[in-house]
There are 2 protein chains.
Amino acid sequence: MSWKDRERGYHHGNLRQALIEAARALIGEKGPAGFTFAEAARAAGVSAAAPYRHFRDRDALMADVAAQGFERFEAALAKAWNEGKPEPMIAFHHLGRAYLHFARTEHAYYSAMFESGLSPDATPELRAASDRAFGVLRGAAETLCAQLPAGKRPPVLMVSLHIWAISHGVASLFGRGDSGRRKLPMDADELLESAVLVYLNGLGLGRA
Amino acid sequence: MSWKDRERGYHHGNLRQALIEAARALIGEKGPAGFTFAEAARAAGVSAAAPYRHFRDRDALMADVAAQGFERFEAALAKAWNEGKPEPMIAFHHLGRAYLHFARTEHAYYSAMFESGLSPDATPELRAASDRAFGVLRGAAETLCAQLPAGKRPPVLMVSLHIWAISHGVASLFGRGDSGRRKLPMDADELLESAVLVYLNGLGLGRA
DNA sequence: CGCTGATGTAAGAGTTGTTAACATGAGCTG
DNA sequence: CAGCTCATGTTAACAACTCTTACATCAGCG
């Protein structure tokens, strides 16, 4: 909320960003399908015709929400990974927690990114942001794989895709706290951590 | 299309089922949010008011679609698993392929089941059908775990949730053939198979 | 033959998407 | 500072839809 300190007046000042945030809020309340062009305008305190100055249609707005989501996602993951410090396995552990934490606390963004039915190629920026976020996972996988003897070193891309799939699966099936899918004796964090531990063990990376 | 051989006439004869199938078709075309009560009625060749006799609202219809999806899902998984025959690891392999195959070919059902934003408790039948489907995974995990020495045997529930998360993650990120999320050097089947192999290896279940 | 339940028809109220025409104000130019 | 210009918003209006209720109508059963 650092933008616009003088929003009043005929001109909104930063309607584009305001619409993106309104859309995000609506997605958070009513799911990825639960917002409408007109509704976003209303939530931003603006007439129904105004959004057409900034977005061609609903999908264009959604794509921008998702792109911003991927940017924040990348930042959160990169911060948690912290270039593998202090120790790759520990940093990797942080990375997993950050993935789940983002999926939960920024659930609206996560919805727009993965559950909106949006093609990842809807926009060049979206594609780029998505690739950058995945790059963090890939980098982490690279560091981990490097710890293995060259002989039994699996393809880095494959490992990063596996990790992504496990994380996404856990987040999407068990991630949402109280509105969760079913009641279980363990929560998402434990599930992800244990799954990743078993997986890494299977790669030959014993526990630290 | 085995129902209704005499659809003509004032009475539809099996409108409830016809609406469910119409909804499923629409979901397949335009995503889990892409169908409307009125639209489903139109697709079933019926007036917009007719559905109200069978479903309270859109969500009730969606819940029935999802419930039927889970039933078919359970059948497909159970058939692939085939009680662990001829050999648990092979049957498990079949199970994974069946999971992905269902997610792809019955993508409309899969959407209704997992991407519709529907609560799994929306309906008792939905909950029950969902539990039965998961039961197949759980049974398979049980058989596999039994192969491990009692000392290092992990909790069955945990293992089945892991497997579910991996399968769902792969299906949902890389599952849709051509409209897939990104172009990759390996397809979803290979990804799931390799991920599960590494995971099982991590549990101590060496390859067959 | 009349009852009951399943559908159809009609009709209202409310939204949405979208365009066209007009208003406002911020900044540049002189 | 005056005035032009353009991006940004507003109002107005319309067609298309959806949702939902009220009432009419048909089919089969006793």
Side-chain angles (χ1 to χ4, degrees), chain A residues 2-65 112 116-118 122-123, chain B residues 1 3-65 112 116-118 122-123:
Chain A
S2 60
W3 44 277
K4 75 161 180 177
D5 287 312
R6 52 190 226 281
E7 61 156 305
R8 70 188 162 286
Y10 197 89
H11 282 49
H12 187 289
N14 205 337
L15 183 54
R16 183 183 184 87
Q17 188 59 26
L19 285 170
I20 292 176
E21 299 199 0
R24 175 178 58 81
L26 288 169
I27 291 171
E29 288 172 19
K30 308 192 293 181
F35 92 97
T36 225
F37 223 40
E39 214 169 349
R42 209 178 310 137
V46 116
S47 79
Y52 286 87
R53 300 286 183 195
H54 297 278
F55 303 96
R56 201 175 32 176
D57 56 17
R58 210 194 89 116
D59 277 1
L61 173 51
M62 181 76 94
D64 266 36
V65 175
S116 65
L118 210 64
T123 284
Chain B
M1 326 311 189
W3 42 278
K4 73 161 179 177
D5 288 312
R6 53 186 227 284
E7 60 158 307
R8 70 188 169 290
Y10 198 88
H11 284 51
H12 188 291
N14 205 340
L15 184 53
R16 185 183 183 87
Q17 188 60 27
L19 284 170
I20 293 177
E21 300 199 0
R24 175 177 59 81
L26 287 169
I27 291 172
E29 288 172 19
K30 305 193 295 182
F35 91 97
T36 228
F37 224 40
E39 213 169 348
R42 209 178 312 137
V46 120
S47 80
Y52 286 87
R53 297 291 170 182
H54 297 278
F55 304 95
R56 201 177 29 176
D57 54 16
R58 210 195 87 117
D59 277 1
L61 173 51
M62 181 76 93
D64 267 36
V65 175
S116 65
L118 211 63
T123 284

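Values in this document were obtained by computation on a predicted structure and should not be read as measured data. Letters A, B, ... mirror the listed sequences (proteins, then strands); counts begin at 1.
Side-chain N/O atoms of B:Thr36 include none lying less than 4.0 angstrom from OP1 or OP2 on D:dC17. Using a 4.0 Å cut-off, no side-chain N or O of A:His54 falls inside it from OP1 or OP2 of D:dA7. Proximity of B:Arg42 to the phosphate of D:dT18: a side-chain N or O atom is located under 4.0 Å from OP1 or OP2.
Under the 4.5 Å side-chain criterion, counting only non-hydrogen atoms from C-beta, A:Phe37 is not in contact with A:Asp59.
Rounded to a whole Å, the CZ atom of B:Arg56 is 12 Å from the P atom of D:dT21. Atoms CZ (A:Phe55) and P (C:dT19) sit 17 Å apart, rounded to a whole Å. D:dT18 atom C1' lies 15 Å from atom CG of B:Leu26, rounded to whole Å. B:Asn14 has its CG atom 19 Å from the P atom of C:dG5, to the nearest Å. The distance from atom OH of A:Tyr52 to atom C1' of D:dT11 is 15 Å, rounded to the nearest whole Å. B:Leu15 has its CG atom 7 Å from the P atom of C:dG8, to the nearest Å. One atom, CE of A:Met62, and another, C1' of C:dG17, lie 16 Å apart when rounded to the nearest Å. Spacing between atom CZ of B:Phe35 and atom C1' of D:dC19 amounts to 14 Å, rounded to whole angstrom units.
For A:Glu39 and A:Arg58, the salt-bridge test fails: no basic side-chain N is under 4.0 Å from an acidic carboxylate O. Of the charged side-chain nitrogens involved, none lies within less than 4.0 Å of a carboxylate oxygen, so that A:Glu21 and A:Arg16 do not count as a salt-bridged pair.
Looking at which nucleotide of DNA chain C each of A:Arg53 and A:Glu39 is closest to, the 5′-most match is held by A:Glu39.
Of the possible polar contacts, none joining the A:Thr36 side chain to the A:Ala38 backbone as a donor-acceptor pair under 3.5 Å is found.
Base engagement by A:Ala49 is indicated by at least one non-hydrogen atom pair under 4.0 Å involving a base atom.
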